[in-house]
Amino acid sequence: MNGPIELRIPMPWGCLAGCWYGDQQIRPLLALHGWQDNAGSFARLAPLIASHRSILAIDLPGHGRSSHFPIGLSYHFNDFIRVIHRIVRHYRWEKISFIGHSMGAALSFYYAAYFPAKVDMIIAIDTLTTPYCTPDIQIDISTILTERILAEEEHQQESVELYSYELLKDLLYRGSEQSVERAHCKHLLERSVRRSISNPEMYYFSRDSRVKQLDLVCSQPELVLALAERLDDISYLIIKAEHSEHLNEERLKDVFTILRAKSRIFEFHTLKGEKHHVHLNSPERVADCVIRFIRMNGSHGATTTKARL
């Protein structure tokens, strides 16, 4: 298969960058990456799936090659929900199908709960929803984030830090808690760093450093259950990496019960021996689950719906 088509989707503050794998005349799976990652997160998985279902992998605002939010604004989980809705409107999709990793999986869950009639499929990789925080912890987080966001804006106005490419790989490897194998760091770095003009042997991060202070929606159990109850007649595939704490089956057992009862098709798989970035490290194992799931859904949704490009 040929490489993906690079594209730009206009937004009021700039544009979203993305990669379209497969037939551009068929509505794709919208691929949503995790926090501080980018569309390169799907660079190894998407080509394995694209002949079965097209994939549009985007860089969320501030990530990858997408435009940053204006200075003075911060990043919030709900901002990304609205970005998804802008994409739906841009392509005039009547339905939307998701494949999401980590934060991208949580965004899929929330969007489907907000707009249940618009979503027909969710493939969630190693996360279901945002982390649970007690009210006191949520208050502490919001207080700390307020200080850190302003400090990050001030830091951006200082000189840009330069790194060797090997050091960047090491920073990504360690920053992901060794979840992204060193050999595959290049797929994320390709979209998040740039070569220095004054010192071509060195690189700098081009993503918006403010995304490090992302304001997440903290999921109270009652809220998550209420959201799950709104999901109806959706095909749901959840893939868990065994050696990851991002998807707690015990804490989510009541949510799983609801999803099993309300989904058209529901599947849950644990991939033994894998870490959080399982789709980047072992894309063949994830693709096996995803392709079977797509085939189970037959012609539902995608095959008769043309994207208006």
Side-chain angles (χ1 to χ4, degrees), residues 30-37 41 60-63 74-85 96 98-119 121-146 148-149 176-177 179 211-232 234-242 244-263 266-270 275-279:
L30 182 64
L32 303 175
H33 60 78
W35 177 49
Q36 297 193 70
D37 288 349
S41 176
L60 289 164
H63 296 74
S74 58
Y75 292 85
H76 193 285
F77 183 85
N78 283 335
D79 292 326
F80 297 154
I81 295 287
R82 288 183 279 273
V83 165
I84 294 168
H85 209 48
I96 183 169
F98 291 105
I99 181 167
H101 170 246
S102 196
M103 180 181 70
L107 286 167
S108 304
F109 176 82
Y110 271 80
Y111 186 89
Y114 294 162
F115 302 100
K118 283 192 168 293
V119 180
M121 181 188 297
I122 297 177
I123 299 167
I125 303 173
D126 207 43
T127 299
L128 182 62
T129 184
T130 53
Y132 167 65
C133 293
T134 57
D136 58 324
I137 293 177
Q138 188 170 349
I139 291 169
D140 288 344
I141 290 173
S142 296
T143 303
I144 293 169
L145 277 179
T146 299
R148 285 184 176 176
I149 288 167
S176 69
E177 298 178 340
S179 170
V211 301
K212 292 186 294 185
Q213 315 304 335
L214 175 72
D215 195 352
L216 277 173
V217 171
C218 295
S219 300
Q220 299 290 334
E222 297 81 6
L223 173 62
V224 176
L225 290 174
L227 292 170
E229 287 285 359
R230 289 177 55 83
L231 275 62
D232 196 28
I234 292 174
S235 295
Y236 221 124
L237 168 63
I238 301 173
I239 298 172
K240 173 178 169 55
E242 180 186 20
S244 169
E245 300 299 324
H246 288 261
L247 205 164
N248 187 315
E249 300 165 70
E250 180 61 27
R251 181 171 68 80
L252 294 168
K253 63 181 180 179
D254 292 338
V255 181
F256 279 19
T257 298
I258 294 171
L259 293 180
R260 284 192 177 96
K262 298 179 73 68
S263 298
F266 181 87
E267 287 196 6
F268 177 84
H269 298 281
T270 298
K275 296 182 179 180
H276 185 50
H277 283 78
V278 55
H279 63 306

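This chain uses plain numbering: 1 for the first residue, then up along the sequence. Quick caveat, the model's predicted, so the values are computed rather than measured.
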Nearest non-hydrogen partners of I234 and I122, listed with the distance: CG2-N, 4.2 Å
Flag, side chain of Q220 to backbone of C133, donor-acceptor distance under 3.5 Å: yes
Counterpart residues, ring-ring contact (aromatic ring centres under 6.0 Å, His included), relative to Y236 (two or more places apart): none
Check: H85 ring centre within less than 6.0 Å of Y114 ring centre: no
Candidate list F109, W35, Y110, Y111, test ring pair (Phe, Tyr, Trp, His ring centres under 6.0 Å), partner F77, passing option: Y110
Distance in Å, I238 CD1 paired with D126 CG, rounded so as to fall on 0.5 Å steps: 11.0 Å
Main-chain N/O of M121 paired to S235 side chain as donor or acceptor, under 3.5 Å: no
Any H76 side-chain heavy atom under 4.5 Å of V217 side chain: yes
Approximate separation, where rounding is to 0.5 Å, of I125 CD1 and L247 CG: 11.5 Å
Check: I84 and F98 side chains under 4.5 Å, non-hydrogen atoms: yes
Heavy-atom pair of closest approach, residues P131 and L216: CD-CD1, 4.0 Å
Distance-only donor-acceptor check, side chains H279 and S41, under 3.5 Å: yes
Distance (rounded to the nearest 0.5 Å) between H101 NE2 and I239 CD1: 10.5 Å
Pairwise side-chain contact, E222 with L225, heavy-atom cut-off 4.5 Å (strictly under): no
Side chain to side chain, I149 and D215, heavy atoms closer than 4.5 Å: no
F80/L214 under side-chain contact (heavy atoms from CB on, under 4.5 Å): CA gap, chis, key distance, verdict: CA-CA 11 Å; F80 297 154; L214 175 72; 3.7 Å; yes
With T127 via side-chain hydrogen bond (donor to acceptor under 3.5 Å, both in side chains) - residues at least two apart: none
Contact summary for I81 and L107, nearest pair of heavy atoms: CD1-O, 3.7 Å
Interatomic distance, Q213 atom CD to I141 atom CD1 [nearest 0.5 angstrom]: 12.0 Å
Side-chain (T270) to main-chain (K240) donor-acceptor, under 3.5 angstrom: no
Side chain K262, main chain E229, donor-acceptor under 3.5 Å: yes
Side-chain (H63) to main-chain (P61) donor-acceptor, under 3.5 angstrom: yes
Pairwise side-chain contact, V255 with T129, heavy-atom cut-off 4.5 Å (strictly under): no
Nearest heavy atoms of Q36 and V211, plus distance in Å: CG-CG2, 4.2 Å
Heavy-atom closest pair, residues A105 and A124: CB-CB, 3.8 Å
Test item: Y132 and V224 side chains (from C-beta on) under 4.5 Å apart, heavy atoms: no
Minimum heavy-atom distance between C218 and T130, given as atom pair plus value: C-OG1, 4.4 Å
Interatomic distance, E177 atom CD to H276 atom NE2 [nearest 0.5 angstrom]: 9.0 Å
Point-to-point distance, once rounded to the nearest 0.5 Å, from CG of L237 to CD of E267: 6.0 Å
